[in-house]
Q: 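Have a look at this one before I ask anything.
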Amino acid sequence: MCETEGTGHLHQHQHVAVHRHAMEANDEIASRLRRSFAARGVFVLNLISAPGSGKTTLLEHTLAQLAPLRVSVLVGDVETERDAERLRSCGVPVSQIVTAGTCHLEAEMVANHLPEVDQRELDLLIVENVGNLVCPTAYDLGEDAKVALVSTTEGEDKPLKYPAIFHRAQVALVTKSDLAPYLDFDREALFANIHTVHPGLDVLEVSAKTGEGLDRWLAWIRAQVEAKRAVPSGV
Amino acid sequence: MHEMSLAVEILRIADEAAAEAGAGRVLRVGVGVGWLLQVEEQSLAFHLRAMRQDYPRLREAVFDLAEEAVRVRCRACGEETQQADWGFSCGSCGCRDVAVVTGDRLEVQDMEVLTDDV
């Protein structure tokens, strides 16, 4: 179809098929990271939760017990280096990604900060995402597994209110299990809600404060690291 | 809040596709919004309207957002069925071992454009 504009110029009215994914740029960087991690046998975790669910405290206790695994950490926050300072005291390389307003980590931020913590042989990279249960969900960071954390203080219906992250997670952690006796916490309901959204998802209960359940979480990590190392790249 | 980041990517893709098609003006951009992504459509539409000013080809473009439902394929019986809510299961045999086939993408689908002078 042609039409004449007021200027007398002819313009062609066209229909253009595009079919491109809005996440394509992020996904391309994430794929590149994933290939590079696979080639080196590095297992990568992406921890996602609401603010205050205890990601950093759990990580402090996790890092203290993962030796002799060689671990590095990238931690995302909207502002401050506070989390990185806490985690550095565990004796592992840590880089703080300050997003300055952005509510999630993107693959490019991981790629840019990776050289700061990746200057030696590595078994495990842990990415602590910005505290947010919605936005980080859709962004692939090249990880092997997304871990969704929900604390006993947050309410049993969290998985129903924020289903996408529980749908995409490879494991769910229920944190602050030591507080359960002091709360009107319905453990069965939380498990049922998680499994409504993601049938069969592994759920581990942990308390960083008492150490309860940490052995299963650490065993899960060690098994994943071992499995990743055993698979030759490109297979 | 990640609707702003998504809007930037949609504008970048639409502008690139318009340039490739030799289009000087884009009239309409069709965007499929996968239900699984939990995108707030009003917020996405707001950011698209606010930021299209930065792209001369897109200044008049109308962004047509259409929700894309989740469809899953059953790993047991192979049927493909639409899902109405979380807790996906095969609409044919009830099996819960299913793979998402649509509804997990935010896609610039098509555009109506005016190509440059002919």
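The chains referred to below are lettered A, B, ... by the order of the sequence lines, with proteins before strands, and numbering in each begins at 1. Just so you know, these numbers use all the heavy atoms, side chains as well, and skip hydrogens, waters and symmetry mates.
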Q: Should the heavy atoms of other residues, nucleotides or ligands under 6.0 Å from CZ of B:Arg75 be counted, would the total exceed 12?
A: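 Enclosed: over 12 neighbouring heavy atoms sit under 6.0 Å from CZ of B:Arg75.
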Q: Tell me whether the count of non-hydrogen atoms from other residues, nucleotides or ligands lying under 6.0 Å of CD in B:Gln53 goes above 12.
A: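 Atom CD in B:Gln53 is crowded, with more than 12 foreign heavy atoms closer than 6.0 Å.
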Q: When rounded to the nearest 0.5 angstrom, what distance separates CD in B:Gln38 from SG in A:Cys135?
A: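 Going from the CD atom of B:Gln38 to the SG atom of A:Cys135 covers 9.5 Å.
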Q: Could you walk me through whether B:Glu112 and A:His15 pass side chain to side chain contact (heavy atoms under 4.5 Å, CB included), step by step?
A: CA-CA 5 Å; B:Glu112 301 296 330; A:His15 180 259; 2.9 Å; yes
Q: Salt bridge between A:Arg20 and B:Glu9, side-chain N to carboxylate O under 4.0 Å?
A: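 Here A:Arg20 does not pair with B:Glu9 in a salt bridge, since their nearest N and O are not under 4.0 Å apart.
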Q: Heavy-atom distance under 4.5 Å between the side chains of A:Val16 and B:Asp110, does that happen here?
A: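 Not touching, per the 4.5 Å side-chain cut-off.
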Q: For the residue pair B:Phe88 and A:His167, establish whether any side-chain heavy-atom pair is separated by less than 4.5 Å.
A: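 Heavy-atom side-chain distance check passes, below 4.5 Å.
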Q: Please state whether the side chain, the backbone, both or neither of A:His198 comes within less than 4.5 Å of a heavy atom of chain B.
A: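 Neither part; nothing is under 4.5 Å.
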Q: Which value, rounded to the nearest 0.5 Å, describes the distance between A:Gln12 atom CD and B:Leu114 atom CG?
A: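 The distance works out to 9.5 Å.
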Q: For the atom pair CZ (A:Arg168) and CG (B:Leu36), what is the distance rounded to the nearest 0.5 Å?
A: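 If we round to the nearest 0.5 Å, A:Arg168:CZ and B:Leu36:CG are 5.0 Å apart.
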Q: Can you confirm whether B:Gln109 is buried at CD, in the sense that more than 12 heavy atoms of other residues, nucleotides or ligands lie under 6.0 Å from that atom?
A: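 Yes, because the 6.0 Å sphere around CD of B:Gln109 holds more than 12 heavy atoms from other groups.
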Q: Looking at A:His195, A:Glu24, A:Glu106, which makes the most heavy-atom pairs under 4.5 Å with chain B?
A: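 The residue among A:His195, A:Glu24, A:Glu106 with the greatest pair count is A:Glu24.
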Q: Where is the tightest heavy-atom contact between A:Ala164 and B:Trp86, given as atom of each residue plus distance?
A: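 It is CA-CH2, 3.6 Å.
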Q: Report the C-alpha distance between B:Val108 and A:His19 in whole Å, list the side-chain angles of each, state the deciding distance to 0.1 Å, and finish with yes or no for side chain to side chain contact (heavy atoms under 4.5 Å, CB included).
A: CA-CA 5 Å; B:Val108 179; A:His19 297 295; over 6 Å; no
Q: What pair of heavy atoms forms the shortest contact from A:Ala22 to B:Ile10, and how long is it?
A: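 It is CB-CG1, 4.0 Å.
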Q: Which region of B:Val100, side chain (C-beta onward) or backbone (N, CA, C, O), has a non-hydrogen atom less than 4.5 Å from a non-hydrogen atom of chain A, or is it both or neither?
A: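 Looking at B:Val100, just its side chain touches chain A.
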Q: Got a sec: does the CD of B:Glu41 have more than 12 other heavy atoms crowding it under 6.0 Å?
A: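 Yes, because the 6.0 Å sphere around CD of B:Glu41 holds more than 12 heavy atoms from other groups.
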Q: In Å and rounded to the nearest 0.5 Å, what is the OG1 to NE2 distance from B:Thr115 to A:His13?
A: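 Result: 9.5 Å between the selected atoms.
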Q: With a 4.5 angstrom heavy-atom cut-off, is it the side chain or the backbone of A:Tyr139 that approaches chain B, or both, or neither?
A: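 Just its side chain gets close to chain B.
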Q: Relative to chain A, which segment of B:Arg28 carries a heavy atom at a distance below 4.5 Å: side chain, backbone, both, or neither?
A: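 Neither part, no heavy atoms under 4.5 Å.
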Q: Flag the pair B:His2 / A:Pro136 as yes when at least one side-chain heavy-atom distance between them is below 4.5 Å, and no otherwise.
A: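 They are not in side-chain contact.
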Q: Rounded at 0.5 Å granularity, tell me how far CE in A:Met23 sits from CZ in B:Arg105.
A: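 Going from CE on A:Met23 over to CZ on B:Arg105, the span is 11.0 Å.
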Q: Quick one: what part of B:Leu37 sits under 4.5 Å from any heavy atom of chain A, side chain, backbone, both or neither?
A: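 The side chain, not the backbone.
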